[in-house]
Amino acid sequence: MQGTEYGDEEVKKVMRTELHDRLVQAEKENRPLRIYCGYDPTKADLHLGHTVTMRKLQQFQEFGHEVTFLIGDYTALIGDPSDKDVTRPILKEEEIRANANTYAEQAFRILDPKKTIIRYNSEWLSKLNFAEIIRLTQNFTVQQFLSREKFKLRWERGDAVYLHETLYAVMQGYDAYSLKADVQVGGTDQFFNIVTAARKVMTALGAQPNIAICLSILPGTDGVEKMSKSLGNHVPINTTPEDMYGKMMSIPDNCMPVYFRLVTRWTPEKVAEMEKAMQAGSLHPRDAKMALASEVTEAFYGEEKAKAAEQDFVVKFQQKSIPDEMDEFVLTPGQKCLDVLVDAGMVKSRTDGRNMITQNAVKLNEELVTDWNAELSEGVLQVGKRKFVRLVKAK
RNA sequence: GGGCGGUUACCCAAGUGGCCAACGGGGACUGACUGUAAAUCAGUUGGCAUACGCCUUCGGAGGUUCGAAUCCUUCACCGCCCA
């Protein structure tokens with residue numbers, strides 16, 4: 001149950017008991033538990049935040065349970081109103097399909113492809129007829145939806161709450177029913193969808209309600225907002241080991257504990273131990289964060305590449321020396337420093353380049369460049385802390 | 001359908017004829033300090049120009065004026081109220 005959060009101790013207790021009972025029941029029936037988590041293919045790239053639930057799925061997988069990775073191609077037609085306080089733009093079907101394709105591939109960096117069942121919810125949702133939908137919605141009152149925080153907020157502000165948005169939770173409930181799910185994994189923002197909607201739909205249709213595993217929301221690299229690409233505080237999955245390691249090092253100290261629980265493979269004992277050591281002062285927060293960055297990077301890229309990424313980080317940022325690999329830029333005779341900065345894409349404009357130079361941000365071979373008309377020789381040109389380019393002469 | 005209010009740079013937001021490339025805040029970037037943490041201090045944040053200055057920008061188009069983000073006309077979008 002590491003990293004779970006229900007906002008209510010009672011609910012947590014109930015879920016814990018139910019999970020225990022269900023395990024016993026499944027054992028008797030000589031079958032594994034059926035676990036699932038749904039992902040709406042609304043973006044092309046996944047980030048670390050998405051992997052929180054995948055990691056939980058993976059843990060179940062390790063214990064031999066049956067895991068379904070559900071791609072919400074049909075729910076993506078609506079877009080989950082849970083995590084937004086504004087109406088979502090509606091995606092085109094082609095976009096959804098394109099995104100869906102990249103999802104599974106990225107998910108398999110965590111989940112075992114051989115043990116994972118991939119399903120699309122259009123499979124059953126597209127077959128429902130109007131009468132069936134009416135019967136499903138009879139289980140809910142408008143008040144239930146209006147009392148949800150996100151809808152309530154919009155209601156009070158006088159913003160639109162569209163009728164179709166209420167169907168999202170109903171659809172998710174029908175997913176759980178169709179999959180005969182024992183357990184549904186999701187973020188705390190899924191609490192309503194899982195606990196209220198899915199369990200109700202399942203019960204109404206005569207099935208055993210599924211058990212919710214709600215996980216805390218992973219904050220972004222700013223340490224405050226929920227990780228999301230649009231806020232620019234995300235750690236993408238499709239990136240380089242160096243970038244991933246570096247991004248991990250930029251998270252604030254105070255959100256390390258959340259990261260420990262949500263994105264590492266560490267046991268609760270190990271986490272407790274590290275936190276204790278940090279408090280006692282025997283573990284430097286920086287070293288703890290490096291361990292965290294290594295662990296996360298290793299989970300995606302393997303031990304060897306993670307070690308290399310760490311080395312790269314130490315060299316580049318802690319010792320502030322110049323990295324081995326960087327892009328090359330071929331000098332043209334007569335080209336001034338400012339031209340090089342602009343042409344090599346190191347600065348966004350000549351004005352910006354001038355500012356950088358006057359702010360002592362430009363170095364050639366570790367020597368400050370103060371004249372933007374200087375003609376540069378071969379070597380390594382650096383702007384700010386992390387932009388490097390190797391200047392070479394034309395052959 | 002009628003009345004009123006709004007649309008300013010990445011975001012929020014001030015500006016209601018010249019002193020406006022446009023106050024302030026947030027964010028971002030750079031430097032100092034450091035652990036690519038936090039906090040703090042200093043600077044930059046339309047483009048071109050090593051300066052003087054010039055050019056483009058305040059929802060779109062047109063107009064008034066020596067001069068417009070600011071006034072007028074019109075179009076588009078958004079919000080509030082009445083029907």
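So that the names make sense, note that chain A is the first sequence line, chain B the second, and so on, each numbered from 1. Because only heavy atoms are used, hydrogens play no part in the values below, and waters and symmetry mates are left out as well, while side chains stay in.
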Check the interface with nucleotides 46-48 of chain B: list each N/O to N/O pair with the protein under 3.5 Å, or write none.
from, atom 1, to, atom 2, distance (Å)
B:G47, OP1, A:Ser349, OG, 2.9
B:C48, OP1, A:Arg350, N, 3.1
B:C48, OP2, A:Arg350, N, 3.3
B:C48, OP2, A:Thr351, N, 2.8
B:C48, OP2, A:Thr351, OG1, 2.5

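- Between B:G60 and B:C77, the distance separating the two C1' atoms is 11 Å to the nearest Å.
- Taking A:Thr17 as the reference, A:Asp21 meet the side chain to side chain contact (heavy atoms under 4.5 Å, CB included) condition, with sequence neighbours excluded.
- Using a 4.0 Å heavy-atom cutoff across all strands shown, A:Gly384 reaches sugar-phosphate atoms only and no base atom.
- Ring geometry, A:His47 versus A:His234: the interplanar angle exceeds 60°, so the pair is classed perpendicular (tilted spans 30 to 60°).
- In this structure, CD of A:Gln359 is placed 9 Å from P of B:U30, rounded to the nearest angstrom.
- Proximity of a side-chain donor or acceptor of A:Gln106 to a complementary backbone N or O of A:Thr102 within less than 3.5 Å is detected.
- Comparing B:U36, B:G35, B:C29 by their nearest atom to the side chain of A:Met356 picks out B:C29.
- As rounded to whole Å, 14 Å separates atom P of B:A37 from atom NZ of A:Lys247.
- For the P atoms, the distance linking B:G46 with B:C10 amounts to 9 Å, nearest Å.
- Note on A:Pro252: only backbone sugar-phosphate atoms sit closer than 4.0 angstrom, heavy atoms only; bases stay farther off.
- Here the separation of B:C55 from B:G59, taken at their C1' atoms, is 22 Å to the nearest Å.
- Classified by interplanar angle (parallel below 30°, tilted 30° to 60°, perpendicular above 60°), the ring pair A:His65/A:Phe60 is perpendicular.
- With hydrogens and angles disregarded, no donor-acceptor distance shorter than 3.5 Å links the side chain of A:Asp182 to the backbone of A:Leu33.
- Whole-Å rounding puts the A:His284 NE2 to B:A37 C1' distance at 10 Å.
- The side chain of A:Asp253 lies closest to B:A37, out of B:U36, B:A37, B:U30.
- A cation-pi contact links A:Lys270 to A:Trp266, judged by a cut-off of 6.0 Å to the six-membered ring centre and 45° from its axis.
- Mapping A:Val383 and A:Asn355 onto RNA chain B by nearest heavy atom places A:Val383 at the nucleotide closer to the 5' end.
- Looking at heavy-atom distances under 4.0 Å, A:Asn373 makes contact with a base.
- Of the charged side-chain nitrogens involved, at least one lies within less than 4.0 Å of a carboxylate oxygen, so that A:Glu295 and A:Arg265 count as a salt-bridged pair.
- With B:C29, B:G35, B:U36 as the candidates, the nucleotide lying closest to the side chain of A:Arg286 is B:G35.
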